[in-house]
Trainee: 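Shown below is the structure under consideration.
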Amino acid sequence: MRPSKLAVLALATASVIGLPAAQASAQPLPFPFDTGSLGSGSDGPGIPTEDTLPALTVTPVLDGLDHPWDAVQAPDGAVLTGQRSGGFFVRRADGSTGPVTADLSDLYAQSETGLMGIALASNFAHTRTLYTCQGFQGGGVTDIRILSWTVDAGWTTLTRGAAILTGIPVDEGRHGGCRILTAADGTLFVGTGDTAQPTVSQDPNSLGGKTLHINTDGTPAAGNPDPASPVYTLGHRNAQGLAQQPGTGRIYAVDQGTTRDDEVNLLVAGGNYGYKPDRIPGIYDESVPMTDPSRVPGAVAAAWSSGSTTLATGSAAFVTGPGWGPWDGALVMGGLKTKQLIFLRLAADGQSVTAQTFGLQNQYGRLRSVTPTADGSLLVTTDNGSTDQVLRVTPQG
């Protein structure tokens with residue numbers, strides 16, 4: 001992503017006044033956890049690349065969309081997506097497609113913010129409940145919030161329920177996040193952006209630049225560092241990918257880098273992932289490292305980083321099934337800038353990456369969301385404009 005004007009100003013200011021890179025001691029960690037030893041990190045360019053990905057079959061599921069941010073597949077086979085600027089669309093199990101009516105009259109859609117993450121409740125088959133993460137504007141309030149919805153059996157109407165979590169910050173729409181993951185225990189993890197403001201990611205009282213962990217009524221989930229807060233981890237820039245590893249229960253977050261170092265982070269309760277762009281007071285200084293242990297003592301190292309350039313990673317999922325061959329169990333991410341799927345094979349301890357491979361390079365443009373389905377295929381959303389699609393990607397292993 002191109003640095004902001006503020007970042008350029010920050011670099012110029014630092015040059016003029018001779019500000020050293022590691023000026024200013026970091027504030028103490030707001031949570032009493034020792035996370036400095038977790039993960040040694042891996043630099044993307046140093047990871048072996050294997051040309052062993054099975055051939056992929058791509059089938060369009062929905063098309064003619066405008067920036068579909070996420071997609072889910074329900075137990076009855078229906079595939080639901082939402083456009084960032086507003087509007088839900090479905091492909092039903094019988095093959096019929098069309099809009100799904102929903103009240104989005106208070107949607108705040110600006111810049112990178114709008115209708116974003118979608119997740120089915122763990123008991124969706126019985127309750128028909130799902131969740132969205134979206135911008136909101138009304139009654140003098142502008143924020144990002146988690147809303148609950150129920151959908152009828154025919155997939156014609158979404159009926160809005162409660163706003164289960166409010167107050168996720170937004171500022172002109174940049175770095176709005178916002179991914180939802182339904183964990184195996186039914187709780188929700190939420191990745192949020194830092195609003196491109198210098199102090200948000202390290203502020204334990206802000207919900208921006210964090211991973212949040214909540215129950216489905218919006219209350220903090222058990223095991224959070226502060227039992228009264230939904231904050232699970234902090235020190236993130238723009239976390240748009242969340243995935244839970246089958247078999248281990250480990251939660252991974254994918255954070256978009258500045259001019260370098262997209263990251264995959266293995267989350268640990270209370271972990272600080274080291275993004276602290278306030279080196280120059282009042283300036284959002286994107287020249288700082290994504291993980292900055294000199295200014296954030298104990299910062300948790302990334303399990304993987306893209307290295308000296310970014311891929312613009314916009315999502316994360318684990319692929320499973322024998323069809324994926326040697327990549328069964330791998331983490332896959334959508335690449336926006338590099339227009340590809342990125343597959344990473346994690347080490348047994350989950351703290352580093354041992355191999356990588358790539359798929360669909362330059363075939364469908366920018367790829368945002370990746371969502372696993374019960375049959376082992378992936379739902380992938382493109383992010384190009386008014387001709388976007390939801391694709392089903394199936395391995396031919």
Side-chain angles (χ1 to χ4, degrees), residues 1-2 42-71 81 84 112 179 238 240-241 243 252 254-264 302-346 353-373 376-397:
M1 181 179 294
R2 184 172 60 187
S42 297
D43 191 62
I47 297 171
T49 298
E50 295 184 5
D51 188 17
T52 55
L53 188 69
L56 302 176
T57 297
V58 180
T59 306
V61 176
L62 289 162
D63 56 22
L65 302 170
D66 183 2
H67 298 293
W69 212 92
D70 207 349
T81 192
R84 188 175 61 197
E112 300 168 3
R179 185 69 59 185
N238 196 26
Q240 293 190 346
Y252 288 86
V254 170
D255 203 355
Q256 289 189 346
T258 53
T259 58
R260 59 168 293 148
D261 290 333
D262 295 321
E263 292 184 344
V264 173
W304 170 90
S305 64
S306 63
S308 59
T309 188
T310 57
L311 313 180
T313 47
S315 55
F318 283 92
V319 294
T320 57
W324 291 102
W327 296 95
D328 182 11
L331 183 74
V332 60
M333 301 179 290
L336 293 161
K337 185 171 72 175
T338 51
K339 303 176 182 178
Q340 63 186 351
L341 298 177
I342 304 114
F343 294 81
L344 304 177
R345 186 181 300 134
L346 294 166
V353 169
T354 61
Q356 61 187 359
T357 195
F358 307 93
L360 305 186
Q361 295 99 320
N362 297 312
Q363 296 181 42
Y364 296 93
R366 291 160 50 91
L367 304 181
R368 179 171 289 281
S369 288
V370 289
T371 305
T373 67
S377 63
L378 279 175
L379 296 176
V380 177
T381 65
T382 69
D383 189 72
N384 302 305
S386 61
T387 59
D388 280 321
Q389 299 175 287
V390 178
L391 307 171
R392 186 180 300 278
V393 179
T394 307
Q396 297 303 301

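In this chain, numbering begins with 1 at the start of the sequence shown.
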Trainee: Output yes when a side-chain donor or acceptor of N238 lies under 3.5 Å from a complementary backbone atom of Q256, and no otherwise.
Mentor: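 Such a contact is absent between N238 side chain and Q256 backbone.
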Trainee: According to salt bridge (Lys or Arg N to Asp or Glu O under 4.0 Å), who are the partners of D70, at least two apart in sequence or on a separate chain?
Mentor: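 Residues passing salt bridge (Lys or Arg N to Asp or Glu O under 4.0 Å) with D70: R179.
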Trainee: Can you tell me if S377 and R392 form a side-chain donor-acceptor pair at under 3.5 Å?
Mentor: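 Side-chain D/A pair, S377 to R392: present.
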Trainee: When rounded to the nearest 0.5 angstrom, what distance separates OG1 in T357 from CZ in R345?
Mentor: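 These two atoms lie 8.5 Å from each other.
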Trainee: How many angstroms lie between atom CH2 of W304 and atom CG of D262, to the nearest 0.5 angstrom?
Mentor: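 Going from the CH2 atom of W304 to the CG atom of D262 covers 5.5 Å.
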Trainee: Looking only at heavy atoms, what is the nearest atom pair of D255 and T313, with distance?
Mentor: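 Nearest heavy atoms, D255 then T313: O-OG1, 4.0 Å.
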Trainee: Any sub-3.5 Å donor-acceptor pair from T310's side-chain atoms to G257's backbone N or O?
Mentor: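 No.
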Trainee: Do E50 and Q356 get their side chains close enough for a donor-acceptor pair, meaning under 3.5 Å?
Mentor: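 No - no donor-acceptor pair under 3.5 Å links their side chains.
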Trainee: Would you kindly say whether T57 and Q396 are connected by a side-chain donor-acceptor distance under 3.5 Å?
Mentor: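 T57 vs Q396: donor-acceptor pair found between side chains.
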Trainee: Given side chains that start at C-beta, do those of W69 and T381 come closer than 4.5 Å, heavy atoms only?
Mentor: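 Not touching, per the 4.5 Å side-chain cut-off.
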Trainee: With sequence neighbours excluded, tell me which residues meet ring-ring contact (aromatic ring centres under 6.0 Å, His included) with Y364.
Mentor: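 Here no residue qualifies.
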Trainee: Would you be so kind as to tabulate the donor-acceptor pairs closer than 3.5 Å made by side chains of residues 324-336, with sequence neighbours excluded?
Mentor:
| residue | atom | partner | partner atom | Å |
| --- | --- | --- | --- | --- |
| W324 | NE1 | G376 | O | 2.8 |
| W327 | NE1 | T52 | OG1 | 2.9 |
| D328 | OD1 | G321 | N | 2.9 |

Trainee: Test your reading of the model: is there a side-chain donor-acceptor pair from D383 to the backbone of L367, 3.5 Å cut-off?
Mentor: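 Such a contact is absent between D383 side chain and L367 backbone.
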Trainee: Quick one, L360 with Q340, criterion side-chain contact (heavy atoms from CB on, under 4.5 Å). Give me CA distance, side-chain angles, the key distance, then yes/no.
Mentor: CA-CA 5 Å; L360 305 186; Q340 63 186 351; 5.9 Å; no
Trainee: Nearest 0.5 Å please: distance from the CG atom of L379 over to the OG atom of S315.
Mentor: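 OG of S315 is found 11.5 Å from CG of L379.
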